[in-house]
Amino acid sequence: MVDNSEFDDIPGTTVFTAERSREGFHLNQFCTSLKVPENRERFKANEAQYLEEWPMTAGQKRAVLDRDYNAMIAQGGNVYFLAKIFSSDGVSFQSAAASMTGMSEQEYAQMMLAGGRSPEGLRSIKEGR
Amino acid sequence: MARVMAGLTTSHVPAIGAAWDQGLHETPYWAPVFRGYQWTKDWIGEENPDVVILVYNDHASAFSLEMIPTFAIGCADDFAIADEGWGPRPVPTVVGAPRLACHLAQSLILDEFDMTIINQMDVDHGLTVPLSLVFGSPERWPARVIPLAVNVVQYPPPTGERCFKLGRAIRRAVESFDEDLNVQVWGTGGMSHQLQGTRAGLINQEYDRMILDKMTADVAALRAIPHLEYLRETGSEGIEMVMWLIMRGALGDDVEELHRHYHVPASNTAVGHLVLRARD
């Protein structure tokens with residue numbers, strides 16, 4: 001039997017497995033729809049109404065409306081699909097990534113300029129490395 | 001006979017494409033990224049490859065989660081530029097090499113690599129950013145391109161070992177083609193980066209440099225890296241470096257490093273670039 005429990009040992013990381021893909025299918029399908037310009041316009045005109053066209057859970061819809069990317073990922077969203085949302089918003093990948101870390105956009109940008117986030121202590125919770 | 005003469009690896013960060021398209025490549029932030037590709041631009045002009053087999057991953061542009069092919073090869077006459085949410089990049093349509101691509105597809109499947117065959121597909125930044133970095137902004141891309149898409153979006157991607165062996169099979173298949181062609185294989189993606197969660201922004205320069213070194217010095221070690229190690233050491237998206245091993249396998253046993261470039265950061269990502277020549 002496949003055992004993905006080791007992924008939970010990597011802090012601050014969600015691995016997009018087939019199971020998560022099942023959970024997030026409609027959320028990610030909604031994201032895919034935003035690659036069509038007319039769909040982007042309809043979404044922007046009335047976000048809640050557009051989301052009603054997709055059989056997503058209430059929690060997934062809430063997370064999209066709130067642009068809460070961690071909540072979307074926790075409910076099966078995949079970041080490459082979620083990118084269609086922030087691209088439609090005109091938000092950069094760096095800014096969207098920053099929003100998931102609890103850092104301000106400026107702090108995050110500064111961290112990247114200084115060489116990025118060190119893997120030290122972030123490889124494994126149980127091994128503390 | 002066609003031959004795989006050389007290969008290269010490069011990151012394919014979307015922000016690099018956006019910076020290039022907006023003419024920001026000489027700004028203080030972007031100049032160090034692009035500077036490392038000048039050598040390659042000069043080199044490619046002399047090498048003048050007929051065909052590039054471009055190994056990359058689609059980012060929810062051509063493939064949704066409806067179907068998820070592990071390895072897919074583009075056999076079309078041409079490939080339109082994808083709209084990724086902000087309109088298509090202003091770059092030329094990618095012209096394919098259907099006769100070679102069909103030969104590769106058939107050869108690879110009979111060599112036990114079960115390729116998915118693509119007859120129509122839009123290509124996204126994963127494929128077009130490497131073309132811009134190496135060829136600049138020509139009116140038409142100077143080489144024909146065979147897209148080879150690898151699933152690295154939904155876990156698990158193919159193993160590094162499997163990718164390396166696919167590269168070897170590509171080398172055999174190219175050599176059995178009846179036309180004299182100078183073929184290159186490009187492996188794209190990486191290096192360390194994580195785009196999600198509270199660990200976003202992870203960069204592991206030491207590990208990245210180890211990978212750059214071992215692409216020539218000890219590829220056997222790279223072939224053996226398990227997925228969990230990529231996830232821990234290089235971030236959840238760094239795992240796409242398995243695609244580099246397809247390129248490396250396609251160059252044969254003995255390769256020479258011609259050029260190297262490494263820079264942090266481009267947006268969320270460590271940029272890594274190698275140019276390798278096959279010696280066999």
Side-chain angles (χ1 to χ4, degrees), chain A residues 4 6-7 9-18 20-22 24-25 28-29 31-32 34-37 40 69-70 73 77-90 92-94 96-103 108-109 111-119 122-124 129, chain B residues 13-15 18 28-29 57-66 68 82-88 122 124-126 152-156 192-208 226-229 231-239 264-270:
Chain A
N4 289 332
E6 281 167 311
F7 298 153
D9 180 51
I10 307 174
T13 303
T14 304
V15 179
F16 189 66
T17 58
R20 289 190 192 282
S21 179
R22 287 301 316 142
F25 182 70
N28 292 315
Q29 287 290 94
C31 294
T32 300
L34 298 179
K35 66 187 182 185
V36 178
R40 293 200 287 271
Y69 289 101
N70 283 332
I73 286 170
N78 172 275
V79 73
Y80 291 124
F81 288 82
L82 304 182
K84 307 300 179 202
I85 303 177
F86 56 74
S87 296
S88 299
D89 288 340
S92 73
F93 223 125
Q94 180 160 322
S99 81
M100 297 181 229
T101 63
M103 302 169 80
Y108 182 90
M111 174 184 77
M112 294 315 299
L113 279 172
R117 185 185 304 282
S118 166
L122 295 179
R123 296 178 175 94
S124 164
R129 63 183 178 99
Chain B
V13 183
Y29 185 93
N57 67 286
D58 176 78
H59 304 75
S61 302
F63 304 121
S64 69
L65 295 176
E66 290 175 16
I68 304 159
D83 181 340
E84 301 182 53
W86 59 87
D122 293 354
D124 72 10
H125 70 268
V152 297
V153 171
Q154 180 171 313
Y155 188 89
S192 56
H193 65 304
Q194 174 150 334
L195 302 174
Q196 48 109 359
T198 54
R199 206 173 71 138
L202 183 132
I203 298 284
N204 192 338
Q205 300 201 22
E206 193 184 339
Y207 198 88
D208 286 343
H227 283 349
L228 188 63
E229 183 171 319
L231 292 168
R232 288 193 199 283
E233 297 287 347
T234 71
S236 50
E237 279 64 54
I239 198 167
V264 178
S267 184
N268 304 289
T269 306

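Just so we're on the same page: letters track the sequence lines, and every chain starts at 1.
Heavy atoms only, all atoms of each residue included: Ser124(A) and Arg232(B) are closest at CB-NH1, 3.3 Å. Contact detail for Met112(A) and Thr269(B): the closest heavy-atom pair is CE-N, 4.3 Å. Considering every non-hydrogen atom in both Ala97(A) and Ala200(B), the closest pair reads O-CB, 4.1 Å. Thr13(A) and Ser236(B) get closest at one heavy-atom pair: CG2-CB, 3.9 Å.
Contact count versus chain A (heavy atoms, under 4.5 Å) is highest, among Val264(B), Asp58(B), Val153(B), for Val153(B). Top candidate by heavy-atom pairs under 4.5 Å with chain A, chosen from Glu229(B), Arg199(B), Gln194(B), is Arg199(B). The candidate from Thr32(A), Asn28(A), Thr14(A) with the greatest count of non-hydrogen atom pairs under 4.5 Å with chain B is Thr14(A). Most heavy-atom pairs under 4.5 Å with chain B: of the set Gly102(A), Ala18(A), Pro37(A), this distinction falls to Ala18(A).
At least one side-chain heavy atom of Phe16(A) sits under 4.5 Å from a side-chain heavy atom of Leu65(B). Put simply, the side chain of Gln154(B) does not reach to within 4.5 Å of the side chain of Asn78(A), judged on heavy atoms. Side-chain contact between Arg20(A) and Tyr155(B) is absent, with no heavy-atom pair separated by less than 4.5 Å. Between Asn268(B) and Tyr108(A), some side-chain heavy-atom pair lies under the 4.5 Å cut-off. When side chains are defined from C-beta on, Ser61(B) counts as touching Lys84(A), because their heavy atoms get closer than 4.5 Å. Contact check for Glu6(A) versus Leu231(B): no side-chain heavy atoms found under the 4.5 Å cut-off.
A donor-acceptor contact shorter than 3.5 Å is absent between the side chain of Gln94(A) and the backbone of Ala15(B).
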- Message: For a side-chain contact (heavy atoms from CB on, under 4.5 Å) check, start with the C-alpha distance between Leu195(B) and Met100(A), then their side-chain angles and the critical distance, and finish with the verdict.
- Response: CA-CA 9 Å; Leu195(B) 302 174; Met100(A) 297 181 229; over 6 Å; no
- Item | Residues Tyr29(B), Leu113(A); criterion side-chain contact (heavy atoms from CB on, under 4.5 Å); working and verdict | CA-CA 9 Å; Tyr29(B) 185 93; Leu113(A) 279 172; 3.7 Å; yes
- Query: Yes or no on side-chain contact (heavy atoms from CB on, under 4.5 Å) for Glu237(B) and Val79(A), after CA distance, side-chain angles and deciding distance?
  - Reply: CA-CA 10 Å; Glu237(B) 279 64 54; Val79(A) 73; 4.2 Å; yes
- Would you sort out whether Asp83(B) and Arg40(A) count as a salt bridge (Lys or Arg N to Asp or Glu O under 4.0 Å), showing the intermediate values? CA-CA 11 Å; Asp83(B) 181 340; Arg40(A) 293 200 287 271; 3.0 Å; yes
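Summarising the geometry, atom CE belonging to Met111(A) is positioned 8.5 Å from atom CG belonging to Leu202(B); distances are rounded to the nearest 0.5 Å. To the nearest 0.5 Å, atom CD1 of residue Ile203(B) and atom OG of residue Ser118(A) are 11.0 Å apart.
For Gln205(B), the part sitting under 4.5 Å from any heavy atom of chain A is the side chain, from C-beta outward, and nothing else. Heavy atoms of Asp9(A) lying under 4.5 Å from chain B belong to its backbone as well as its side chain.
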